[in-house]
Each structure stands twice: as structure tokens, then as C-alpha cells.
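Quick notes on the structure that follows.
This is a predicted model, so every value here is computed, not measured. Numbered from 1 within each chain, the chains take letters A, B, ... in sequence-line order.
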Amino acid sequence: MPLRTWALACLAVLTLFVLSEAVKKEDFKTCSQSAFCRRNRALADSVNADAHWTSPYTLVKGSIRFSNNYMTADVQNTQTNNVLVLELQVLVDNTVRVRMDEKSPILPRYRDHEQFTLVDKAKPIKPFQSGKNTDGVVKIALDAERKIVVTPSPLVIEFYVKDEPVITLNDRGFFNFEHLRTKESHKPKMVKQKKEDGTEEEVEAPEEKDLWEETFKTWTDSKPRGPESIGMDISFNGFSHVYGIPEHASTFSLKETRGGEGAYEEPYRLYNADVFEYEMDSPAALYGSVPFMMAHRKNESVGVFWMNPSETWIDIVKTTEQAEGTAVQKVLNLVKPSSNKKSTKTHWISEAGILDIFVFFGPSSKDIFRQYTRLTGQPAMPQNFAIAYHQCRWNYINQNDVHEVDSQFDHHDIPYDVIWLDIEHNDGKRYFTWDSGKFPDPIKMQKELDQKGRKLVTIIDPHIKRDDNYYVCKEAKDKSLFVKQPSGDDYEGWCWPGQSSWVDYTNAESRKWWADKFKLDNYEGSTEALFVWNDMNEPSVFNGPEITMPKDMVHNGGWEHRVLHNVYGQIYHGSTAQGLEQRTNVPKRPFVLSRAFYAGTQRFGSIWTGDNMAQWDALQASMPMILTIGVSGIPFAGADVGGFFNNPSTELLVRWYQAGAFQPFFRAHAHIDTKRREPWLFGDPYTSMIRSVVRERYALLPYWYNTFQEAHETGVPIMRPLMVEYPEDENVFAMEDQYLIGSGILVKPVTEEGATQTNVYFPPSDIWYDLHTHNLVHGQGSQVVSAPLDVVPVFYRGGYIVPRRERLRRSSHAMTLDPFTLVIALDKQGEANGSLYLDDGETYAYAKAEFLKVCIHHCLCTC
Amino acid sequence: MVGKASLSCILAAVLLVSPALSSNVKGVAPEKQALYQVSGNTWTCLDKSKTIPASAINDDYCDCPDGSDEPGTSACPNSVFYCENKGHIPSYIKSYRVNDGVCDPECCDGSDESSGLIKCDNICKEVGIQYRKHKAEMDAVLTSGVSTKKEWIEYGKSKMAELQIEKAKLEEQIAIMRTELGALEKIEEVAREKEQAARDSAAPVTVVKTDSKCPPCKVSSDSAAFKISSLRNHIKTLQEEVDELLTILHDMKRDHNQNYHDMAVKTAISGYDEFLVDYDIIKTERQEDVDEENIVEQADDAQEEEQDFTNEVVEEDTDPVVKEAAQGNVVSRITSAFVTKLEKLLPAKVKEALPSILLNVDEAERLQQAASKASDAVREKRNDIGTKENDLNGVNGKLNKDYGRDLEWMKLENECFEKDEGEYVYSICIFGGAHQKSNRDGANTNLGSFEGYTGSADNSSPEYYNKQLYSRGTKCWNGPERSVKAVFECGAKTEILEVTEPEKCEYQFKMRSPAVCPLIATKGEDETEARVIHEEL
């Protein structure tokens, strides 16, 4: 949903600006407006400018300890003498954890977010081999091929595969760990400056600015803890493509960020934010953050997870370097003559917390998805209905409207599973309530939907209206569950209901209390057919800095909002999901859609790409965005079909349905100011085009469910970049306008206005069949394919078996007993494999082995 | 290279195979059961396209292209399923609603769900009772609505007929007035010309004028008398012609066939009636004038006057009489009075000649007076015509307005209706405007004015008149101009049921009115025959 139209109402002058400009860039910080980013980038610049620079961080000799399954050592900053503790752990499944924290900080640094992020305790295992040489160089081998090499002075950590470092930490010497200090004890860095008369004087270095207080526009951040940022450069040696770190409206293969042709000037930013009419092709922060990055080169992938939920910036540059080897390689005599290779060098900058990096050795991208989701959690298994078609609008205005829309779907023989109610359905934006004038009998309404196997979703946001007569507010106030101001009073800000407070979900008591709100007895007017939509959970605060909560607000345990901002929405999402799961005696799989997300969100449900525009470029952007989110562990994602703001042309709407029907989360949604756009309002041929593609979604639901199950088990994205399935084919490494669903279906949605044909790249290692005609695709590689408005180019991949259900029904539930049709697309050898997964579609009985998974093999031989 | 295969091993557990063993084939109406009689082991699809094993009927696999082999399952997408609905009305539902876990209300006997996915009770008895009750209510509303609508139609028709008559009347009046205007304009023109001519020869005339009131006006009495006499003859001739015309009209009025409702004839007759009234008055007045004139004429006999031919086209026998000032005034008064009265009666040709009578009877001053008088007359006439034309436009506006297929909406013109929706009171005046009035501060917002019917793009469709659009209301802040869609359904009276705002600033008034009640009663519809289109309850 939506954004501050109210703010526009108040500020007519601004409005004119907004109407013409869309996103108000000046509402959001650039790196130079964020003091810690500015400091760390400045450090990088000065290092780059200084050929003799040496990182001040060194391993303290004699401090190296090998315990049973991890290594620790002290690391000293030789400039400040501050001492850090380095911890290196080898985890199961080719994963390594590198942690650094201050040895004796004056205050604890934030690491509690681990409980919200990791499912596994990330238990270390005993490495295959470990030891150090006399120079203090530490070597820890995972197996015969993979090892970690820690060079002491300056501190460099390298991850080797077959004698070649694939990932290097502090390769360029940007490592910077700002130790906590008191303002009184802080010795400002001084630099020499020439005066007018030619003499020199000592002045505070420019980076000393804003260390203890920082002002952006009209907001001043009190920064009581002073500077505590962490910067680290991570090089992916020999990898020219990196992916991940959502959410940005950017390319799938990430761009460089230090200027130049085709590069951004700003780093990619991770700071969950509610951005009005966000800009395309930009590294600016959006609603969600996953600090996970994967690098890929021919037949090899590696990844890193920078576990830090504070504001984070990532610079990326790509270099083509001579094979002269790194300093460490020289030390170790490992330099081999090899050809020039392109490397990707990244620089990660977080505002607070500790350094906590997970490195994944792969070696394939599918291995990395497993390794990453083993830590941050399996994607939740959705209920059947959740992967069908969702109909949403801000707002279906009353019970009759819901009934009417529901009936029209039947009248026009278009299946759908879920109808959604946005913020106008409740009593004055008091969540968990109903506007009884508009919805006099919500239970009856849900029962009517339920009878057809359909569900209702209501919106529930984390801002609670300040109103003592509103039980949710009253209870949270009485139990002291709201986020606090530094003074200890409840934090208050503006959102949809006006003056509001935000529940502090980092508090276990809040989470439990919140989950209880979803009990059928507590949430009046709710039934088991009601599911939930969590919006505005970045959190969005209309009158806050960057439309969010001030960083110096206080959470449970006294932690500032600063240290956990990016994980707030995820914890909220999880609490809601828990509430839905617990409301029945037999727990059922929750369905909760969230706008904000963080690493681990995949455990709780789906996300969508927020308030997009009804424009062709937004449709195009939906693909790299969902692909990026998918490779970052969150497979269940989608974009508002049709575009949220403004009215799509009929052609755009049809094309968007065609794309959306082949994206994991398939929901049409529209802003309150737009024209109605339910599929039957356009008349034929358009209504039929939409009907046929929605039906195609339903026919393929068994395949989608299968693929969701695969994602649940393996973490492999559902909407799958070609580089995952074709890791050897360099043509596809940056491909983002076509993709696979699972392994067996290739999709190339048409996203160009007026197009009647499109180029499709058919990986030559396979053969392909048109999904509609079953005709074999002749030719390989890039081919022109006819794609008039009623056709979305989709292809079966030879060698795969796709289960379908061909009967048109009203909803996925109505298909429960329908027969399956298997489409067996043979490969060059005349063989094909596939599977059909079935369970009850709503509970966790599958975890007790109550499911059916049939593996199907077809061959020409007599088997 | 692509093959399809049914996954029968998995499906066996869940599929219900119900071959046509029993005497009744599931999903088939009793009267169509005969079509499913099997002779031998095979059966032919109803479209004769294929012969299939008898066991393939209702085996949950679609064999026939027309879907006829699966009347009792959901296998064929183009098939329909018959629900007997004992106690209620039988119906057909689309095949995809069979065994889909939904107890379709159209299939109250529950026969559509036999898979075990859901158990549907037979609720036909209750549904039947409810349905009949509801239907009785609806029928009552319909009956009442239809009877009101019929009254409205009658109202519309008679109102239209009245308007037609009024239109004809106005058109005739305007035509006459235009003719009169023509004559007056001529008079004015001549008067102006004379005035101009007099002014052109102003210098000598003016000098003389100071000495004697009308020196150039030397006209012989004889000549004047002659002229008057010939004018009288002319009037007599005209009178005869008028009388003849009156006889024709009188006969037409008496003899025409009233059943033909010929508007032209009716208009002519009503015009004739009105004429008679006016004519009687004029005739009397004219007689008096003529009498008076005779007296004046005698008194003037002895005097000689000079003639002044100012207009060559003027025929001799109508040449103006010019007299001494005092006498001239008298003559002028008489002639002008005479002319004024005659004007209404005389044909245009005669009128053209008239001005000459009026002119040159006086000196320049008089000419000027006459001219301005003539102008006044023209102006006045034009105003009168304007008024009438306005009336005519009004009438035409109504005549051309779309009051519905049978003029059923005419009765509601400018009738206003209100609905209090809590925060606002909404109102609509049919063919007028729609408004929203705040209950808080009384602020009144214009939601739009009547633009047209929008029930269907095709104005011959029966739905066309079921929706009205009121557009171009006050512009919304940062949004469109407000507008209202008034959606009507049949009701016993006209009222607003509900007001909603489905899109911002685009309101929907859900209304009822007899105006949209269907005239062809759906009442006596055969209740025993099943309908493919389901009946909403």
C-alpha cells in the first residue's frame, strides 16, 4: 500500500513539486549526508590516493588460540591501540564465520539481532586442519581444496579454493572499526592546513564532523554513543558478477557505484524506507534489506552474508588486474602467471554493531542458497491459496463491494483465491477493528468467501493509534510495550491514524502479546479464512527523518533504533505470522505479506516490491528486483500487478498480468486514486487475455507448489535466474528479462509497449517447447519469438516433467480433487524427470511425513 | 516430442468413477435422459462427432468435443450439470462447479457435490420457501413498479403531445410574426429613406418650413379622394378573398377526419380558431375606421394638395396623400391606424405598398417621428419573436430530450431525492444535478450535472436507461471532477438505496425507481423448465 497523501494535502506547495517529481530525493540521505558513510568512503578515497598506505590493523602475536572448533586472536589498531577480538569459525556445509568485536568496549555493542536472524545457532565444527607458521600466518583448512589464510600484518583474511583466493577481507585496507569512546576522551584527528600567509596550522580533520550529533534536514540525531561504525572491504577475486543486497530498483547483476560509465555515484544503500514513487535504476534504499551478496563466474559461485541490521552502504567497483598477486600471495609465494581477470571489489559500511561475516564457499549457487538458508531459515511452505491469484485494491469500500467483486469473478469465469482489504476497512485506522458501517458483518462476509474456498486478507500495520479507548493502544501502553524516547516516554509519530506509537517487537513480551491479538476471540470479526498484510513496517513514520523512526529512539534493553532498524519489520512480520499459526489448535501455515524485510524474512511469508508505478519501466524493474530478492533467500515475492500509482494502459495491464502470473507472488493492487481495474472492466479481447493467463497460473499450480516445496527444502529461488541453471553459460550471467520457474519452465514476459515479438535466449545445452503449442523451438541461443498481446512467451525445458491441472475452477481449493496432467518434455535423449509433491496444503502435517512426493522418470528405454 | 499422460495411479484414490449404470444418468434432465439410452456397448456423442464406449459416459474423462459424455462430472469444460432441486426450481450449472467443494446455491439439492470433498445437504425445501417468499415480494414490487411506470408512460405521452401542439402553435406564431416583421421592416426602410430624402433636401425645405408648415405638400383633394376610393376597392377585394379562405377553413374544420390525428391539420384548425377571435375584433375596428375616414374625407374635399412622388415603385392608386399640416395630421392618424389594423390581415404584397400611404404626409419632423415609430415597431416585433423563439427552444429541448424508451423518465424530471449516509446527505435531481451536503458543516458540494444514460454503449439495449451519469462536478483536490453514476433497479418508488465512492470522487448512487421496471413481465415464467442461467437468490 500507500503513502502520505495526507501530507500532500497539508502542503499544497510541496504537492506541486511531488506531482512533477515523483520521488523526493531530498527526503533521503546520500552517503555524504550520512556521517559514518562519508567517513568510511573518505577513508577509502585516501587509501586509494596513498600508494604507501598500510592498514593499521594487525594480529597480536601470541594471542592466537585454537580451541576445539574455532580460532580467536586479538587484533590491534596500531593507530589507536584499540584492541579487537577476531573469531573465526568453520561451520557445516562450506561456511565460515568471521566475527570481530571490541575486546573491552566501554559499552556493549549490539549483537542480539542474531536471535532474529539465525535459526541455527551456527555451531562451529572442528576444521579439517588448522595451524600457524612462524610469521603468525594462520591457515585453517575446511577440506583438501578450501582453506582460510589469515595474514597478521596488516590483517588480511583470505578464502582459498584450490590455491587461489576467491574472497579477500581487507584486501584494499579499508577495514575500519570505530571503537566506542566518550566524547571527553576522544582525541580528534588533526590535519595540517595551510593558512593564507603560507604557514601551516593544525585543524580537526573533516571526518571529525558529525561524530557526536548529526542533523539531516530538520531532524537532529543525538548520537549519544558517538561514532561506532564498521567498514570492511571484501574482494571477489576473478568474479565479474555480483548479485543480491536487495532491495533496490536496480539491475540483477549489480552495478559499480564509484562513478564512470554505466555506474552509480552513490553506494547501494540498505536502510528500510518508505519511498514515495521510487525511482528506477537507482542504488537508493527501499523497503527491505538483505546484506547478502553472491558472486559468480563460470561454474563457480561464492557468497557473503554481512549480518548487520543497522544502516549499511555498499560500494562496488570492478577491476581488471594483472596477475601480479596480492601482498599475501607474494608472502606465501603463491603467485601464478595467469591471464588478466576481472574482479569485483566491494566496500561494506555499517553504522553500528559488530563485524559478523559469513562466507559461503558454494561451489554452486544452489549450494550457496542452501548454505545461506541453513543459517537464516528455510523459506516457509505456503498454503495452497497463497500461491494462487490475489485481488487487492485500496480499497474495496464495503461488504457489498467485496461481495460484488467476488461474484464478478465467478460471473466472468476468472479464478481467484484471496480478496484484500486495505486501510479503509477498519475504524479510523485502528487495526484489528472494523468500520461497522461499511462492514457490518465481517464474519458472514468471510464465510461466504470461505464457502468458495476463498480467503480474506486485512491490513494490520505496526503503528498504533494513540487513543486510550482503543484496546490495542491501551494494553500496549499499560504493559509498556511501545518503542521509547530517550526520556523513557513512549515514542510518538505520525502515520495513517494520526498520532501513533510503535510496538517494540524486539521485546519478547511484545511479540507474545502481539501474536495473541490474532486469536479468533481477540480479533473480533476474524475467522480462519482471514489472513494478514503487514504494511508500513520499515517502519514508516510520516514526520520522521527519512520517513522513518529517529535512530535515537530506544528499544528493549536500551538499544537504540539505530542498531536494529533494518530488522524491525522482519520481527514484526514474524510476530504476526506466529499469531496466525497459533490461533488454531492444529497450527496452520500462516500467510502474511510484508513490505519491509531483512535476512530471514523467508521464514514468515511473502513480500512485495512496494508502491510501484503503472509504467512500463516499473514492470521491467519488477523482474531484476524479484530475481535479486529471490537469490537473497526470499523466494516468495511479487510486484503489484498493474502498478500501484496511476492508471495503466490496457496493454500495460495485460502485459503485467502476463508477467505477474509467472512471478511467485501474484497480486493485483491499485492506489485509491486510480480507476477500477478488475479484469472484466476492459472487455474483450483484453478480459479474455487476462482470464487466460490467470487460468494458466491455476493450471500450473501443482508445478508452482512443487517448486515452492523445493525452495522450502533447498532455498533455491522459485523465480530462478538463468545463471543458477546455466552456471557455465556466460551469456546469461547478467540476464534479468527472462528467467526460469523452478528448473523446467522458461519465461520471457513482454515488457515493451507495442511489442508483437521478442528476443528469447534459449540456452543451447537444452531443447525447448512452446508451452501453448507444444511445438519444439527450432534454433538455439537468441531467437525472435512472436508475442502479440495475447501471448506470453513461455517454454518447457526438455528433460523436465511439469504437473498441471487443466480444469478451470473458481479457486485453488476447488481444484483439490482434480486430476493431474503431466507434460513430459523430452530432452535430446528422449528422457525426462520430474516430481509431484502433494500435502494437505494448510498444516504442518508434512513435517510428520504426511505428504506424497512422486518422482517421475520417463525414458524411451523399457524401464 | 512432448507427451501427455494422466497420472492415474495417484488419481485412482481421489477420482470418483461413476459410469452410466443406473437408469438415470447423473447431471441430465429427465426429458433428456432418453438421449443417454445405450444400445449395445457404445454411445454416440450428442453432436454425432464420436462414438465411445458406454462406460465412458460420466467417467470423469472428457471424450466428446461437445462435452456431452460428461453431464455429471467436471471433466468437460463446455458441459452443464442438471440439478433436479426437488421442492424448488431445477437448474443447470456450469460443469466446473461440479465436485469443486462448493455447495452451489443454484443446486440446492446438493447433487453437484458427490466427491466427498464436501457434504451438501438438500436445502431445496427451505430455499424454495424463501425463494417463493422473496419472489412474491419482488413480484409485488414489480407489479407496483410496472403500474407506476405505465402511468408515467401515459403522462409522458400526453405531455409530449401537448408539447407538439405547443410547438406547432409557436412555430406558426413565429412564422406570422416574421411576416409581420418583414412588413414592418419595409415600412421602416421606406420611412428611413423618406426621412433621409427629406433631410437631403433639408436646406430649402427647412427654410420654407419656418414660413409655412407644409409648403411642398400640395395634393389635390380629388386625387386623394380617388386614391382612397381605389384603396377601398382594394380592401373590398381583399375582404372577399379573406372570406373565401375563411369558408375553406371552416369547411375543413367541419369535415376533416379527426381520427387521423394529422398534426398539420390540427395546427391549421387551432390557428383558424384563434384567427376567428382576432378577426372579429379587427373587422369591427376596421369598419369604425372606415366610417371615420369617410367623415375626414368629406371635410377635406375642398382642399388641394400637392403630390410628392418619392417612390417610383409606388403604384399611382396608392400614392400618398399630402395635405396641409392640420389636415395632414388627421389623414396620417387615420391611415396609420388603418394600416396598423390592416397589417394583421393583409398579404405581404399589399403591405409592401402601404408605406407610401404613410409617407410624405408630413414635414421632415413627422417623417422622422414616423421612422422612429417604424423602428420601434420593428424592435418590438423582434422582441416578441425572440420571446416566442425562446419558448419554442424550450419546447424543442423537451421534445428532443431522451426521456426513455417510452418517455417513462419524463415524470421524474426535476424530482429530487435524498439519502443521509451519516457523514453526508447526498441528493440527486433527475436530469438536474447531484450534491453532497456535509452533516458536520453544511458545506454543499456539486457532484455533477446530468450528462446522459450510460447503462450500455448501445442505446437500443434494454439496460441503456438503467444508469445515468452526472458529470463535471466540483473538481477534487488533486483529482478528477466529481461525478455520479446513478444505477437504477426496479422499485415501487424512486429512492436512493446507497451511496458509495468506488473510485475517488466518482460516486455511485444505487437507486430504485419504477422507471426501470421491465414492462414485459417476467412473472409467469415457466417454473418447471430449468434455466441454464442460474437464478440468484
Task: Winner by heavy-atom pair count (cut-off under 4.5 Å) against chain B, out of Ile801(A), Asn775(A), Ile397(A) - done: Ile397(A)
Task: Contact leader toward chain B among Arg810(A), Lys452(A), Lys675(A), where contacts are heavy-atom pairs under 4.5 Å - done: Arg810(A)
Open item on the list: Does either side chain, that of Gln436(B) or that of Tyr424(B), offer a donor lying less than 3.5 Å from an acceptor on the other one?
Closed with: no
TODO: Could you please spell out the steps behind the disulfide bond (SG atoms under 2.5 Å apart) verdict for Cys76(B) and Cys62(B)?
DONE: CA-CA 5 Å; Cys76(B) 296; Cys62(B) 194; 2.0 Å; yes
TODO: To the nearest 0.5 angstrom, please state how far the NZ atom of Lys510(B) sits from the CD atom of Glu495(B).
DONE: 11.0 Å
Task: Pick from Asn398(A), Asn400(A), Leu808(A) with the largest number of heavy-atom pairs that fall under 4.5 Å of chain B - done: Leu808(A)
Task: Contacting region of Glu421(B) [heavy-atom separation from chain A under 4.5 Å] - done: neither
- [ ] Give, as side chain, backbone, both or neither, the part of Ser811(A) having an atom under 4.5 angstrom from any heavy atom of chain B.
- [x] neither
TODO: Establish, yes or no, whether the cationic atom of Arg809(A) lies under 6.0 Å from the six-membered ring centre of Tyr96(B) and within 45° of the ring axis.
DONE: no
Task: Check: Tyr464(B)/Asn466(B) side-chain N/O donor and acceptor closer than 3.5 Å - done: no
Task: Largest heavy-atom contact set with chain A, pairs under 4.5 Å, which of Ser74(B), Pro77(B), Gly101(B) - done: Ser74(B)
Task: Portion of Pro502(B) that has a non-hydrogen atom of chain A nearer than 4.5 angstrom - done: both
Open item on the list: Tell me if the NZ atom of Lys853(A) is crowded by more than 12 foreign heavy atoms within 6.0 Å.
Closed with: yes
